[in-house]
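Here is the structure we will look at.
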Number of protein chains: 2
Amino acid sequence: MSAKLNLDKLDLDIIHHMMENAEISYADLGKKLFVSGGTIHVRIKKLQEAKVVKGTKLSADLKLLGYDVIAFIGIYLKESSLYDAVAKELQKIPEIVRLNYTTGNYSMFAEIVCKDISQLRYVLHDQLQKIKGIERTETFISLEESFNRNVKVAS
Amino acid sequence: MSAKLNLDKLDLDIIHHMMENAEISYADLGKKLFVSGGTIHVRIKKLQEAKVVKGTKLSADLKLLGYDVIAFIGIYLKESSLYDAVAKELQKIPEIVRLNYTTGNYSMFAEIVCKDISQLRYVLHDQLQKIKGIERTETFISLEESFNRNVKVAS
DNA sequence: ATTGAAAGAGTCTCAGT
DNA sequence: ACTGAGACTCTTTCAAT
């Protein structure tokens, strides 16, 4: 499936550090990992070419931006063959930020980010229920996010 | 709750662009948004001071790193007062990358990233079931991630 | 608040090891 | 494969508007 990659401890340490903070300079990261800044640069270039790392993303505080509601939605489909068609419709709704096709109770599993409960209600009631193929949905509103972190890729 | 912020369209456009790609230079982003690179710099500094933006993170391809299994776990607690104690235990398991306290069927909702199914089985069976306070769990393994994006903060 | 230019810092290339 | 130094680019500061 996925190409064979030969990543050593240094590669993983670099990824691990920069998944948390990509603003550190190569020189400073090199000091932490006991190599030169040049070596960090060479490794990152290799990782980019191998498509293991794919750029950096700004991390923003959604609450401060006015997005106070995060919810998860379990979706039951009328037939599982409708997955692609429904996924396409869901992608048109900008509040739906993530969609997974899953095993278990639900056919698909979505995450939604809204400004407030009334916007959530609008998306759930007026947008989702109009999509052909969706049988019904179950919503789990997040009251608190305990943590949200990256998997620990390095020892 | 959250401090009053006065963000204009330019602020939101900057955040929107850089949530997707934080590597663009201020000069280039300025060209896109029809202001100078200096203005981009001033705005980003303001957004950092307001804690609206909190650094950048490297985006890595988990599949290429050998993490082939993403799953969601609905957790039933014996009593909802046990939430904090259980959250603390779950945080010790590095494969659990996210935990939310939710309304609805489940008391809490977790996301887990594993190398393979046998590692998932190990965490679910040997680690989760040993935590006092967890009544039972339901697991939804992601067979495919249709999309995973940021909420659209700008028009 | 925005701008442009100068100073400072970081990235990238490359020749040497 | 790693390093260090030079060339280059980007960020940061600041005086002017």
Side-chain angles (χ1 to χ4, degrees), chain A residues 2-67 150 152-155, chain B residues 2-62 64-66 150 152-155:
Chain A
S2 53
K4 187 84 168 66
L5 287 174
N6 237 349
L7 303 183
D8 64 10
K9 185 176 180 334
L10 178 58
D11 294 317
L12 294 176
D13 281 341
I14 292 169
I15 294 169
H16 180 246
H17 269 88
M18 296 189 69
M19 282 203 322
E20 200 46 49
N21 170 23
E23 273 164 338
I24 190 170
S25 74
Y26 294 174
D28 287 348
L29 184 52
K31 270 175 209 159
K32 280 199 180 189
L33 301 177
F34 307 105
V35 292
S36 72
T39 297
I40 300 291
H41 177 249
V42 168
R43 294 304 189 101
I44 288 178
K45 217 175 126 187
K46 180 189 83 176
L47 292 167
Q48 284 167 339
E49 277 158 11
K51 312 269 186 183
V52 179
V53 304
K54 302 166 297 184
T56 66
K57 292 186 193 307
L58 189 73
S59 163
D61 186 318
L62 290 180
K63 276 227 175 78
L64 286 180
L65 287 171
Y67 291 89
N150 291 117
K152 196 180 167 201
V153 298
S155 49
Chain B
S2 52
K4 187 82 168 66
L5 288 174
N6 236 347
L7 304 182
D8 65 10
K9 185 177 180 332
L10 178 58
D11 294 317
L12 294 176
D13 281 341
I14 292 169
I15 294 168
H16 180 246
H17 269 88
M18 294 190 69
M19 283 204 320
E20 199 48 47
N21 170 23
E23 275 165 337
I24 190 170
S25 75
Y26 294 175
D28 286 349
L29 184 53
K31 270 175 210 158
K32 279 200 182 191
L33 302 177
F34 307 105
V35 292
S36 74
T39 297
I40 301 291
H41 178 249
V42 168
R43 294 304 188 100
I44 288 178
K45 218 174 127 189
K46 181 189 82 177
L47 292 168
Q48 284 167 340
E49 278 157 11
K51 312 268 186 184
V52 178
V53 304
K54 301 166 298 184
T56 65
K57 292 186 193 308
L58 190 72
S59 162
D61 186 318
L62 291 179
L64 286 179
L65 288 170
N150 292 116
K152 196 182 169 199
V153 298
S155 48

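Labels below follow one simple rule: chain letters A, B, ... track the order of the sequence lines, proteins then strands, and each chain is numbered from 1.
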Report, one pair per line, the protein and nucleotides 6-11 of chain D atoms (nitrogen or oxygen only) whose separation is under 3.5 Å.
| from | atom 1 | to | atom 2 | distance (Å) |
| --- | --- | --- | --- | --- |
| D:dT11 | OP2 | B:Y26 | N | 3.0 |

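For the atom pair B:L65 CG and A:L12 CG, the distance stands at 6.5 Å (nearest 0.5 Å).
For A:D28, the salt bridge (charged side-chain N to carboxylate O under 4.0 Å, His left out) criterion is met by A:K31, not counting sequence neighbours. Take A:K152 and apply the salt bridge (charged side-chain N to carboxylate O under 4.0 Å, His left out) test, not counting sequence neighbours, and it matches no residue. Residues that satisfy the side chain to side chain contact (heavy atoms under 4.5 Å, CB included) test with A:K32, not counting sequence neighbours, are A:H17, A:I24. Shown here are the side chain to side chain contact (heavy atoms under 4.5 Å, CB included) partners of B:A27, two or more places apart in sequence or in another chain: B:S25. Take B:D11 and apply the side chain to side chain contact (heavy atoms under 4.5 Å, CB included) test, not counting sequence neighbours, and it matches B:L7, B:D8, B:R43, B:K46, B:L47. Applying the side chain to side chain contact (heavy atoms under 4.5 Å, CB included) rule to A:A50 yields the partners A:L5, A:V52; only residues at least two apart in sequence or on another chain are considered. Listed by chain and number, the residues in a ring pair (Phe, Tyr, Trp, His ring centres under 6.0 Å) with B:Y26 are B:H41 (sequence neighbours excluded).
As a whole-Å value, the separation of B:I44 CD1 from D:dT13 C1' is 16 Å. Rounded to whole Å, atom P of D:dC2 lies 14 Å from atom CG of A:L29.
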Original post:
When every nucleotide of nucleotides 2-8 of chain C is labelled 5' to 3' by its protein contacts under 4.0 Å (heavy atoms), B for base, S for sugar-phosphate only, - for none, what sequence of letters results?
Top reply: SBS----
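Counting all heavy atoms, side chain and backbone alike, A:A60 lies closest to B:I15 at CB-CG2, 4.0 Å.
Pairs of residues two or more places apart, or lying in two chains, that qualify as side-chain hydrogen bond (donor to acceptor under 3.5 Å, both in side chains) and include a residue from residues 47-59 of chain A are A:K57-B:E20.
Applying a 4.0 Å cut-off to non-hydrogen atoms, none of the residues of residues 46-61 of chain B approaches DNA chain C.
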